[in-house]
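Chain A is the first sequence line, chain B the second, and so forth, proteins listed ahead of strands; every chain is numbered from 1. Please read these numbers as outputs of a predicted model, since none were measured by experiment.
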Amino acid sequence: MNPVKENWVEVRLRDLMSLPDGWGVEEGREVYHKLLERVEVHSQAVVFRISLAGVRRTDVSFPRESVIEMAYRYRGQKGFCLCDLSDDNLAENWDAAALKRGQPIFVWSRKGYRLLGPLPSTGLRKVLDLIMEQDNITTAELARHARATVSNASNKLRALSDGGYILRREQAAATGGIEYVYKRIR
Amino acid sequence: MRSEIELTANWVNGRTLDRALVNAGSPHANSIDSVTVRVAANASVMVDAAARLLSLLNQLVACTKRVVLEFESEDGAMGYLNRIRFFEFLSPQVLVKPRRPSVSIGALRRGRSSSLVELVQINRGARARRLPTQLAERLGDACSERTDEKELTDAAFTVFSEIIDNVYSHVYEQDQAELDGFVALQVYRNGGMAKVVVSDSGKGILHTLRPTLSDSRLLRLSDAELVVEIFRQGISRHGNTRGCGLKASADSAIKYKTVLDVRLPDCRVFLTPARGKYEANTAYCQEDLPLMWGTHLCFDFSLGN
């Protein structure tokens, strides 16, 4: 049983693989379906941390067809990030897979995070860095912080959310009604 | 009519095999009903030539031609081919002279050499899940004195897994070929290199890719230029989100200055790394070669730093 803490779940990818080395479209799709079962079992979870502990090597096709494809499928609804990925060669192939699919994915470690896959534009990068520092932000908070209009702040947050960099959740606003809060994927 | 192919060079590799085919004329030609391949006593057949010859002979049998493989000596080339399991996978309809080995030495000693991965079949059946790992680790073992052995092994894993997956996905799962494909590795310590070969009898990557291209820039490319682009930018007939396999493979191979030899049905493209990538202007292309179905790749990895 995977530990469920608040609204995130950790999945050990190695548990879904037949060998420590993962390769090819076929195995990637097999793992995709196993991962989908986990996601459906934890339907309340918003973030899935995929641990690469025990995964020795993968090619590019395997992650593209499994985890990256899953992140793409659930973009905007659920977030997927990676942990226990310290091998540069492995990270390079996951980066290539994320780039090919056009799906960003964060890797978390004790040192912080790194982003694999497509980078946001320079203008969006600053907003993304801010959200990564403070966990979440509302449109009004960003507008205040960046001394921008609410409309401009909203557009940037929406672009990051649509691009798969952050999650957008609804919450009750202090003034009544609904507001969006934008969260980092961790 | 008969076609007689003479393998007389001291070292028979993919290039010298092609030269012998050019000299003899295309064994696939409709006018040819009988093909004899003669291997001289002093000839040493390298693993790339062995895999291509195996595919070609099986193709000729599939075309109902009478095929004879004749060795001047039972030692040398014949012994080596037996060691790499060549005769196990050679169509039983090929007549081997003076006689087909009764025992496969390769089957008996399989996996026992640190410098060899014997021929492995690729077909529509179960995938050889451990094969890329096995090839990469054998190559890593051969390069154990390199300071970057781990990086080389990991890169080699990417090269082999992407290439082999490409053959499974594009050739055998899409019914392009009835005949098996083959993979093998041989370390040549004296030559300071390891050859890894992947050979299939499909339609060839260009024949399947060209009809699906819509980009006018790509359509104008020669065969050699298009092969370079397949490995450089990853072109796929399945759209932009696919096609990373051969590119990923090349990106990893390039890091180790790997030379890539691509034999297609009627041409051969020889890619040498330049400025950290494969480029069209340094690719050597030999066209109008005798027909050999499929895509036959050979990677030459340098064993030294």
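- More than 12 heavy atoms of other residues, nucleotides or ligands lie within 6.0 Å of NZ in Lys150(B), so this atom counts as buried by the packing criterion.
- Atom CZ of Arg189(B) has more than 12 heavy atoms from other residues, nucleotides or ligands within 6.0 Å.
- Other residues, nucleotides and ligands contribute over 12 non-hydrogen atoms within 6.0 Å of the OH atom of Tyr113(A).
- Among the residues in residues 133-144 of chain B, those with a non-hydrogen atom closer than 4.5 angstrom to a non-hydrogen atom of chain A are Thr133(B), Glu137(B).
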Show me, pair by pair, the donor-acceptor contacts under 3.5 angstrom made by side chains of residues 167-183 of chain A, not counting sequence neighbours?
{"unit_1": "Arg169(A)", "atom_1": "NH1", "unit_2": "Gln77(A)", "atom_2": "O", "d": "3.1"}
{"unit_1": "Gln171(A)", "atom_1": "NE2", "unit_2": "Glu179(A)", "atom_2": "OE2", "d": "3.0"}

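- Other residues, nucleotides and ligands contribute more than 12 heavy atoms inside 6.0 Å of the CZ atom of Arg217(B).
- Atom NZ of Lys203(B) has 12 or fewer heavy atoms from other residues, nucleotides or ligands within 6.0 Å.
- Of the residues considered (Arg127(B), Glu151(B), Arg130(B)), Arg127(B) shows the highest number of contacts with chain A, using heavy-atom pairs under 4.5 Å.
- Residues of residues 79-93 of chain A having a heavy atom under 4.5 Å from any heavy atom of chain B, listed by number: Asp87(A), Asn89(A), Glu92(A), Asn93(A).
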Derivation and outcome, side-chain contact (heavy atoms from CB on, under 4.5 Å), residues Phe157(B) and Trp23(A) | CA-CA 9 Å; Phe157(B) 174 81; Trp23(A) 63 280; 3.9 Å; yes
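- To the nearest 0.5 Å, atoms CG (Asp154(B)) and CG (Asp59(A)) are separated by 12.0 Å.
- Taking CG of Leu131(B) as the reference point, atom CG of Asp21(A) lies at 12.0 Å (rounded to 0.5 Å).
- Heavy atoms of Phe160(B) lying under 4.5 Å from chain A are absent altogether.
- Checking side-chain atoms of Glu162(B) against main-chain N and O of Val60(A) turns up a donor-acceptor pair under 3.5 Å.
- Atom CZ of Arg158(A) has 12 or fewer heavy atoms from other residues, nucleotides or ligands within 6.0 Å.
- For Arg129(B), the side chain to side chain contact (heavy atoms under 4.5 Å, CB included) criterion is met by Ser18(A), Leu19(A), Glu26(A), Glu27(A), Glu30(A), not counting sequence neighbours.
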